[in-house]
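Lettering of chains follows the sequences in order, A, B, ..., and the numbering in each one begins at 1.
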Number of protein chains: 2
Amino acid sequence: MKIEEIYKQINNLGGRLTKVRKVIIDSLINSDCLMSQDCILKALKKNDLKPNRSTIFRELAYLVKTNTIIKNTINNIDYYEIPKAHHHHLVCLKCHDISKIDIKDHFEIEEKKISKEKKFNILNHSLEFYGYCENCNNF
Amino acid sequence: MKIEEIYKQINNLGGRLTKVRKVIIDSLINSDCLMSQDCILKALKKNDLKPNRSTIFRELAYLVKTNTIIKNTINNIDYYEIPKAHHHHLVCLKCHDISKIDIKDHFEIEEKKISKEKKFNILNHSLEFYGYCENCNNF
DNA sequence: ATATTTGCAAACGTTTTGCATAGTG
DNA sequence: CACTATGCAAAACGTTTGCAAATAT
């Protein structure tokens, strides 16, 4: 999904393209990994925007509700990302570090099957592997 | 993992096999799907146990910390399950219903590859498909 | 001009904590 | 007996809300 399409979609829903909203979408598009709320706040500060915490909450809730972004809660922290069909992660159970992995999944076929059999309209998916990273595995 | 092994593991770590702990482990083993805290509380009540809320929090945190159970947060609600290598779900973005699906994954091979390449010791994984269930898809 | 978005401060609900008591091995 | 687990009440924390002012279309 290109950024123009996202903007248009927001317009169609009656939403405004505020500075905060644009920066959030922009940074999520340019970051190819999960961003926490703190991470998003930092990106906003870099653009000289210091919105109130409640604004961020409302903004992220809005973007999730309109399916513009996806929320993924790992280890009690909410992370956000642009739906891109592929977002797979290695999550360390000890240091809680999260790293991206590229694995070939065969989900397109599976998803079509599920859509038919279960009549469930799949928009995206998330896959996380939990375990110990190299550092933590060696105590 | 058999229940005796779990009990032994808890003992080895210096943990006690309290009534609450046993019922939680039992009900998670016998439930083949995700259980929320409320769901676990109901199971405890069925066994005439009405522990304090803080006890449940502490207990679940303990079981997660010792890798006896897994926590999976979906739509802001923490769900718990026994690690069993396979726990895949369909999550409705509208009514928030969660249903189990059995899909053949090829992760054993992938996991071995990742373990080698990234030196990441994988213990388990979670896979969720997000979208609209049959009811919600028809508005 | 109209509807959406924002900041602020207060309210809310969930989760955590400290400590004394009870329970387990 | 030593140590873990529990209940209780209070504290801490993240998140949400109502409203008036600011902003976008």
Residues Asn76(A) and Lys71(B): side-chain donor-acceptor under 3.5 angstrom:
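There is such a pair (donor and acceptor under 3.5 Å, judged by atom type) between the side chains of Asn76(A) and Lys71(B).
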Report, as a single string ordered 5' to 3', how protein heavy atoms within less than 4.0 Å touch nucleotides 20-25 of chain C: B base, S sugar-phosphate only, - not at all.
---BBS
A correct 5'-to-3' footprint of nucleotides 11-18 of chain C, with B, S and - meaning base, sugar-phosphate only and no protein heavy atom under 4.0 Å, is ----SBBB
Could you state the atom-to-atom distance from [atom1] of [X] to [atom2] of [N] in whole Å?
{"X": "Ile77(A)", "N": "dT15(D)", "atom1": "CD1", "atom2": "P", "result": "10 Å"}
{"X": "Lys71(A)", "N": "dT15(D)", "atom1": "NZ", "atom2": "C1'", "result": "10 Å"}
{"X": "Arg21(A)", "N": "dT6(C)", "atom1": "CZ", "atom2": "C1'", "result": "11 Å"}
{"X": "Lys50(B)", "N": "dC8(D)", "atom1": "NZ", "atom2": "P", "result": "12 Å"}
{"X": "Asn52(B)", "N": "dC19(C)", "atom1": "CG", "atom2": "C1'", "result": "14 Å"}
{"X": "Leu60(B)", "N": "dA5(D)", "atom1": "CG", "atom2": "P", "result": "13 Å"}
{"X": "Glu59(B)", "N": "dG7(D)", "atom1": "CD", "atom2": "P", "result": "11 Å"}
{"X": "Leu44(B)", "N": "dA5(D)", "atom1": "CG", "atom2": "C1'", "result": "14 Å"}

What is the distance from atom [atom1] of [X] to atom [atom2] of [Y], rounded to the nearest 0.5 Å?
{"X": "Ser115(A)", "Y": "Phe120(A)", "atom1": "OG", "atom2": "CZ", "value": "9.0 Å"}
{"X": "Glu134(A)", "Y": "Leu90(A)", "atom1": "CD", "atom2": "CG", "value": "12.0 Å"}
{"X": "Phe129(A)", "Y": "Ile114(B)", "atom1": "CZ", "atom2": "CD1", "value": "4.5 Å"}

His88(A) and His125(A): CA distance, side-chain angles, deciding distance, side chain to side chain donor-acceptor pair (under 3.5 Å) verdict:
CA-CA 9 Å; His88(A) 305 155; His125(A) 67 256; 3.3 Å; yes
So, the side chain of [X] versus the backbone of [Y]: is there a donor-acceptor pair under 3.5 Å, distance only?
{"X": "Asn52(A)", "Y": "Ser54(A)", "result": "yes"}
{"X": "Thr66(A)", "Y": "Leu63(A)", "result": "yes"}
{"X": "Ser27(A)", "Y": "Ile24(A)", "result": "yes"}

Could you check Asp97(B) against Asn135(B) for side chain to side chain contact (heavy atoms under 4.5 Å, CB included), going step by step and ending with a plain yes or no?
CA-CA 11 Å; Asp97(B) 182 61; Asn135(B) 277 336; over 6 Å; no
Need to verify one output field. Residue with the more 5' nearest nucleotide on DNA chain D, Pro51(B) or Leu13(B)?
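So the residue in question is Leu13(B).
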